[in-house]
J.: 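Before I ask anything, let me first share the structure, which is written out below as structure tokens.
Only heavy atoms go into these numbers, but all of them, side chains included; no hydrogens, no water, no symmetry mates. Letters A, B, ... mirror the listed sequences (proteins, then strands); counts begin at 1.
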There are 2 protein chains.
Amino acid sequence: MSDDTAHPHDQEAVDLTRNQSLVLGVLQQTHGPLSAYAILDELRDHGLRAPLQIYRALDKLVEYGRVHRLESLNAFVACSHPGCEDHGTIAFAICESCRQVVEITDHRLAGQLQLLAGEAGLRLNTSVVELRGRCAQCAAA
Amino acid sequence: MSDDTAHPHDQEAVDLTRNQSLVLGVLQQTHGPLSAYAILDELRDHGLRAPLQIYRALDKLVEYGRVHRLESLNAFVACSHPGCEDHGTIAFAICESCRQVVEITDHRLAGQLQLLAGEAGLRLNTSVVELRGRCAQCAAA
DNA sequence: CAATGTGATGTTATAAGATTACATCCTATG
DNA sequence: CATAGGATGTAATCTTATAACATCACATTG
């Protein structure tokens, strides 16, 4: 096996296709989660018409680690780490009022989830951790 | 304020309506998560015809703590605690192969999520923690 | 009893999220 | 050139969830 068998997220960067760039661009400009259909609405001017065009781009972007999917919102958000180097995001803090999303990295949590999974008899594959509430600004208002 | 203003989940039990009982019954017999539409299919013989009848029952059952919603599956599962006394389920271990679901209670995790939320500037309301992987049986097979 | 309020129900239609199936196009590589 | 793989375009469909509106059952109270 040579280096070119490495997964994309192991590499410095990945060349995005036109559709992938468009979708990522919309998410980056938005500073918050968007549904696939909301992304589509933003991109009709650029010639995208079908949900599948968005979902295909999102699939790749998630695979590359440039976009995260928020399961509890059925929505997607751009990764907040500039070059998307290995960052180990493991949880999200979501403001239910203003929709701001903060990525959380925490090795202790990661370890604890592994431990809990083991205790529950589960060989952990992926974990979904989404914390929901009100951000400081919204709580103050 | 008198005692009768207490929330249902503070009480010993709640009288379920016909539809709520039917929906809970299906979930309890199934030993695994079901989508609202799968529940509906099971209950057509009993006269239920519309998704909304299921969703309304599910809303109440979730409110009463007798059913949990699994965000990453868009599905629902009966609470595994018999009388549904206060149990503090905070996470779920989900086998992606056989769909078995194990409820997890862990005070340390609860505290850590509170802590992380605080660090992220979030006043925590609810948390979604769903661990996905393969259960021991499925991993062995 | 009549009037009223509240919560549950029934029904139709539709919104929102996601995938299947199939045809086509581009492009690197032999 | 041939062609194989990945990316794209398009239509149709499937799954999940809610809106809108009418009605019913039952308890309270005037």
J.: Write down the distance between CG (A:N74) and C1' (D:dT18), rounded to a whole number of angstrom.
T.: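 After rounding, the reported distance stands at 14 Å.
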
J.: For B:N19, is there any backbone N or O sitting under 3.5 Å from a side-chain donor or acceptor partner on B:Q53?
T.: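 Here the side-chain-to-backbone pair does not exist.
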
J.: Quick one: does A:V129's side chain get under 4.5 Å of A:I104's, heavy atoms only?
T.: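 No, side chains not in contact.
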
J.: In whole angstroms, how far is the C1' atom of D:dA7 from the CD atom of A:E63?
T.: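 Computing the A:E63:CD to D:dA7:C1' distance gives 13 Å.
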
J.: Any non-hydrogen side-chain atom of A:V128 less than 4.5 Å from a side-chain atom of A:L70?
T.: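 A:V128 does not reach A:L70 side chain to side chain.
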
J.: Tell me every residue that passes salt bridge (Lys or Arg N to Asp or Glu O under 4.0 Å) with B:E103, counting only those two or more places apart in sequence or in another chain.
T.: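 By the salt bridge (Lys or Arg N to Asp or Glu O under 4.0 Å) rule, B:E103 matches no residue at all.
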
J.: Check whether any side-chain nitrogen or oxygen of A:N19 sits under 4.0 Å from OP1 or OP2 of D:dG9, and answer yes or no.
T.: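 So the side chain of A:N19 is within the cut-off, an N or O lying under 4.0 Å from OP1 or OP2 of D:dG9.
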
J.: I'd like to know if the side chain of A:R66 reaches the main chain of A:Q20, judged simply by a donor and an acceptor atom lying under 3.5 Å from each other, with no hydrogens or angles considered.
T.: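 Checking the backbone N and O of A:Q20 against the side chain of A:R66, no donor-acceptor pair under 3.5 Å is found.
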
J.: Give the residues of residues 33-56 of chain A touching DNA chain C, defined as any heavy atom closer than 4.0 Å, sorted by residue number.
T.: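 Per residue number, the list reads A:S35, A:Y37, A:L52, A:Y55.
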
J.: Taking any atom under 4.0 angstrom from a heavy atom of chain A, which nucleotides of DNA chain C are the first and last to qualify, 5' to 3'?
T.: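 Nucleotide range in contact with chain A: C:dG17 to C:dA21.
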
J.: Are there over 12 heavy-atom neighbours, none belonging to A:E119, within less than 6.0 Å of that residue's CD?
T.: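 Count over threshold, so yes.
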
J.: What is the distance, rounded to the nearest whole Å, between atom CG of A:L73 and atom C1' of D:dA17?
T.: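 Computing the A:L73:CG to D:dA17:C1' distance gives 15 Å.
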
J.: So does B:R69 have more than 12 non-hydrogen atoms from other groups sitting under 6.0 Å from CZ?
T.: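 Count over threshold, so yes.
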
J.: Starting at atom CD of A:Q20, determine the distance to atom P of D:dG6, rounded to an integer number of angstrom.
T.: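 Whole-Å distance recorded here is 13 Å.
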
J.: Find the distance between CG (A:L122) and CD (B:E96) and round it off to the nearest 0.5 Å.
T.: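 Going from the CG atom of A:L122 to the CD atom of B:E96 covers 8.0 Å.
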
